[in-house]
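Data block below; observations after.
Everything numeric here is computed off the predicted structure, so don't read it as measured data. In the text below, chain A, chain B and the rest are named by the order of the sequence lines, each starting its count at 1. These values consider heavy atoms only, across backbone and side chains, with no hydrogens, waters or symmetry-generated copies.
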Protein chains: 2
Amino acid sequence: MKVSSKGEYALRALLLLGNHPGKVLGIQEISDKTMVSVHYLEQLLLQLKKLGYVTSKRGAKGGYMLHKGPEGINIGEVIRDLEGPLSPMGCASITQYEPCPMEAGCQLKPLWSLVRDTIAFVLERTTLEDLLQNRINKLEGEDFVVIKRPS
Amino acid sequence: MKVSSKGEYALRALLLLGNHPGKVLGIQEISDKTMVSVHYLEQLLLQLKKLGYVTSKRGAKGGYMLHKGPEGINIGEVIRDLEGPLSPMGCASITQYEPCPMEAGCQLKPLWSLVRDTIAFVLERTTLEDLLQNRINKLEGEDFVVIKRPS
DNA sequence: TAAATTCCTATTAAATTGATAGGATTACTT
DNA sequence: AAGTAATCCTATCAATTTAATAGGAATTTA
């Protein structure tokens, strides 16, 4: 159930950019502060650019900045874009469903679907702005939060 | 955020055994009904045996059966035993915490912790018996629930 | 024009997963 | 007691994914 370092690194970079709104940050600086190698960051940022999350400025004094506002960057989407479906199994994926020969009468699929839904619930309701503002534990106060399952 | 086929296959085998309580099932039969190769199943069942989930009977008419009752087999534990921590990142794992150089002031860790908690909430409260009885959607009506992080 | 920096493609290394092979051991059956 | 069927066990291999590396082309600033 891991998120790969690819996703982690990309989010670190997005967070850093979000923490310096309006500023163009060079890869070297991003590398220093995220502890990710310059070359690997290059690849990630290129991908994030193609996906529309960041823009770049080439040449001397060039670098990267966020393309959308942090409240418009959805963490679930970012992870999906970089790592594929949030679902633990293809058979339970909404965005990239994959059929399975055992699916009829499968006693596991309901569980995978539930896991998918809970993961998606958390990640799709979190934006970069939430992370920047440390707004993750907004569930504090209540022991349990009841969530309506999308029907 | 994937569960590997290793975990899926092992759970298929456990479900099959649970569906035939008291019966000794040979690997060939398990292979037919789970669509997993005999040799790969062998490895998985061996591991499940060492972990205490199944017992085996050797020789002719040999095979496997559950060691514990289905209500004593916790799905979260099974997945952890086979695939490692449920947490999406080592820094948020309870059972196998791994420190991270960026951890101080990390704006991601709260999210990973929340994801870990929700996944663990679902999987640790599910037993093999729940799967056998199709009791996964027992939260139906209230739909489902995400737990707040234990403080 | 020179220096700095992104852009882009290709390659390599490492880790994990899934599958395969083959023989040793055990137990049932006749 | 012998033969056969099955688990047991270790070792290896293939495929995939992930992470890291390399090197040069293109662009912008100064």
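Of the candidate nucleotides C:dC28, C:dT6, D:dT28, C:dT6 has the atom lying nearest to any side-chain atom of A:Ile27.
Remark: C1' of D:dA11 and CG of B:Leu46 are 14 Å apart, rounded to the nearest angstrom. One can place CG of B:Leu25 at 13 Å from P of D:dA6, the figure rounded to the nearest angstrom. Following rounding to the nearest Å, B:Leu44 (CG) and D:dT10 (P) show an atom-to-atom distance of 16 Å. In this structure, CG of A:Leu48 is placed 16 Å from C1' of C:dC8, rounded to the nearest angstrom. In this entry the distance linking CD of B:Gln28 with P of D:dT7 reads 9 Å, nearest Å. If you take CD of B:Gln47 and P of D:dC9, they are 13 Å apart, rounded to a whole angstrom.
Close to C:dA3, at under 4.0 Å from its OP1 or OP2, lies no side-chain N or O of A:Lys61.
The backbone N or O of B:Val36 sits less than 3.5 Å from a side-chain atom of B:Ser31, completing a donor-acceptor pair.
Each of B:Gly26 and B:Lys50 was assigned the nucleotide of DNA chain D with the nearest heavy atom; the assignment lying further toward the 5' end belongs to B:Gly26.
Rounding to the nearest 0.5 Å places CD of A:Gln43 at 8.5 Å from NZ of A:Lys6. A:Asn74 CG to A:Arg125 CZ: the interatomic distance, rounded to the nearest 0.5 Å, is 10.0 Å.
Contact check on B:Lys109 versus B:Glu103 returns a salt bridge, with a Lys/Arg side-chain nitrogen under 4.0 Å from an Asp/Glu carboxylate oxygen. With respect to the salt-bridge test (charged N to carboxylate O, under 4.0 angstrom), the residues B:Lys2 and B:Glu83 do not qualify.
For the side-chain contact (heavy atoms from CB on, under 4.5 Å) test, residues two or more places apart in sequence or in another chain that qualify with B:Asp32 are B:Gln28.
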Worksheet item: Nucleotide by nucleotide, 5' to 3', does protein get under 4.0 Å of the base (B), only the sugar-phosphate (S), or neither (-) in nucleotides 13-25 of chain D, counting heavy atoms?
Response: ------BBBBB--
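When heavy atoms are screened at a 4.0 angstrom cut-off, B:Leu45 is found touching no nucleic acid atom at all.
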